[in-house]
Amino acid sequence: MKKQFVVIGCGRFGQSVAIKLAELGCEVMVVDDNEEIIQNISDKVTYAVQADATDENSIKALGIRNFDVAIVTIGSDIQSSILVTLMIKELGVKHIVAKAQNSSHAKVLYKIGANRVVFPEKEMGIKIAKNLVSGNVLDFIDLAPDYSILEISMNDEWIGKNLVQIDMRRKYQISVIAVRRGDEFDINAGPDKTLLKDDVLIVIGNNEDLKKIEKN
């Protein structure tokens, strides 16, 4: 069953998160009160809904509690960000990721139930630095303090081999969760899938183990 995400607020950060999750094969609903934004993103995600996220009745009608993860990206309006986070927590969403403007905003979000608070600009800086240092890492997503998802380009050793032969679980203690070939994601790649020069592997694992593969 596909993991279900709801992204509340569709600024640049919210849109990029929603589109990336959809590309990775997740079911994604976006909510924003701007009709133009909703129209522009509607063909890139599973559901796009124009609604006022600060209105409790509107949020209830969307069945928010049924989603695995809610991502609140209304960072510029601190009052609305806090209100929406509190509301969806009370409605029963189990895991909430919220965007914060500053450390004080973050403290409040954690106190009212956010499981993780992000600072997109700061994290983008870290991502750029990491990509510059690790030449084969194309992108990464922090899942928890010790775990991440990486997109890594092929090295010569893997080209022409299949997933069984490269055996990342044994060699590096990490798992391949998808193979990207061009714009297509294969999230059910079989163990006998032959890897090509321009393929990209999406892998998940402990950060210490992932460091080993970054050096290859």
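No experiment lies behind these values; they were computed from the predicted model shown.
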Tell me whether [X] is salt-bridged to [Y], with the criterion being a basic N under 4.0 Å from an acidic carboxylate O.
X: Lys3; Y: Asp68; value: no
X: Arg180; Y: Glu184; value: no
X: Glu157; Y: Lys171; value: yes
X: Asp186; Y: Arg181; value: no
X: Arg65; Y: Glu90; value: no

Verify the neighbour count for atom CG of Asp156: are there more than 12 heavy atoms of other residues, nucleotides or ligands below 6.0 Å?
no
Quick one: does [X]'s side chain have a donor or acceptor within less than 3.5 Å of a partner on [Y]'s backbone?
X: Ser81; Y: Asp77; value: no
X: Gln4; Y: Glu27; value: no
X: Thr73; Y: Gly9; value: yes
X: Tyr110; Y: Val117; value: yes
X: Ser42; Y: Gln39; value: yes
X: Asp209; Y: Gly205; value: no

Closest approach of [X] and [Y], non-hydrogen atoms and distance?
X: Ile59; Y: Ala53; answer: CG1-O, 3.2 Å
X: Glu208; Y: Asn206; answer: N-OD1, 2.8 Å
X: Gln50; Y: Asp33; answer: NE2-O, 3.4 Å
X: Gly160; Y: Gln165; answer: O-OE1, 4.5 Å
X: Ser80; Y: Ile74; answer: CB-CG2, 4.2 Å
X: Leu109; Y: Ala98; answer: CD1-CB, 3.9 Å

Flag side-chain contact, heavy atom, 4.5 Å: [X] against [Y]:
X: Glu35; Y: Ile38; result: no
X: Val164; Y: Asp192; result: no
X: Ile88; Y: Ile96; result: yes
X: Ile202; Y: Val179; result: no
X: Val6; Y: Val31; result: yes
X: Trp158; Y: Leu201; result: yes
X: Val28; Y: Tyr47; result: no
X: Phe13; Y: Val118; result: yes

Point-to-point distance, once rounded to the nearest 0.5 Å, from [atom1] of [X] to [atom2] of [Y]:
X: Arg116; Y: Lys99; atom1: CZ; atom2: NZ; value: 14.0 Å
X: Glu23; Y: Lys44; atom1: CD; atom2: NZ; value: 10.0 Å
X: Gln15; Y: Asp32; atom1: CD; atom2: CG; value: 8.0 Å
X: Thr194; Y: Asp199; atom1: OG1; atom2: CG; value: 9.5 Å

Same apolar cluster: Ile159 and Val176, side chain cutoff 4.5 Å:
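The answer is yes; both residues are in one hydrophobic cluster.
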Does Met29 belong to the same Ile/Leu/Val/Met/Phe/Trp/Tyr cluster as Ile37, with side-chain heavy atoms less than 4.5 Å apart forming each link?
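No; Ile37 is not reachable from Met29 via cluster members.
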As a quick check of understanding, evaluate side chain to side chain contact (heavy atoms under 4.5 Å, CB included) for Val49 and Leu62, giving each step before the final call.
CA-CA 9 Å; Val49 180; Leu62 296 175; 3.6 Å; yes
Under the criterion side chain to side chain contact (heavy atoms under 4.5 Å, CB included), I'd like the reasoning laid out for Ile112 against Ile82: C-alpha separation, chi angles, the key distance, then a yes or no.
CA-CA 8 Å; Ile112 62 176; Ile82 292 169; 3.7 Å; yes
Could you go through the side chain to side chain contact (heavy atoms under 4.5 Å, CB included) check for Phe67 and Val93 one step at a time?
CA-CA 7 Å; Phe67 287 82; Val93 177; 5.8 Å; no
Only residue of Val200, Asp198, Leu195, Leu196 satisfying side-chain contact (heavy atoms from CB on, under 4.5 Å) with Met154 is Leu195
For Ile177 and Ile187, what are the C-alpha separation, side-chain angles and deciding distance, and is it a side chain to side chain contact (heavy atoms under 4.5 Å, CB included)?
CA-CA 6 Å; Ile177 58 174; Ile187 58 174; over 6 Å; no
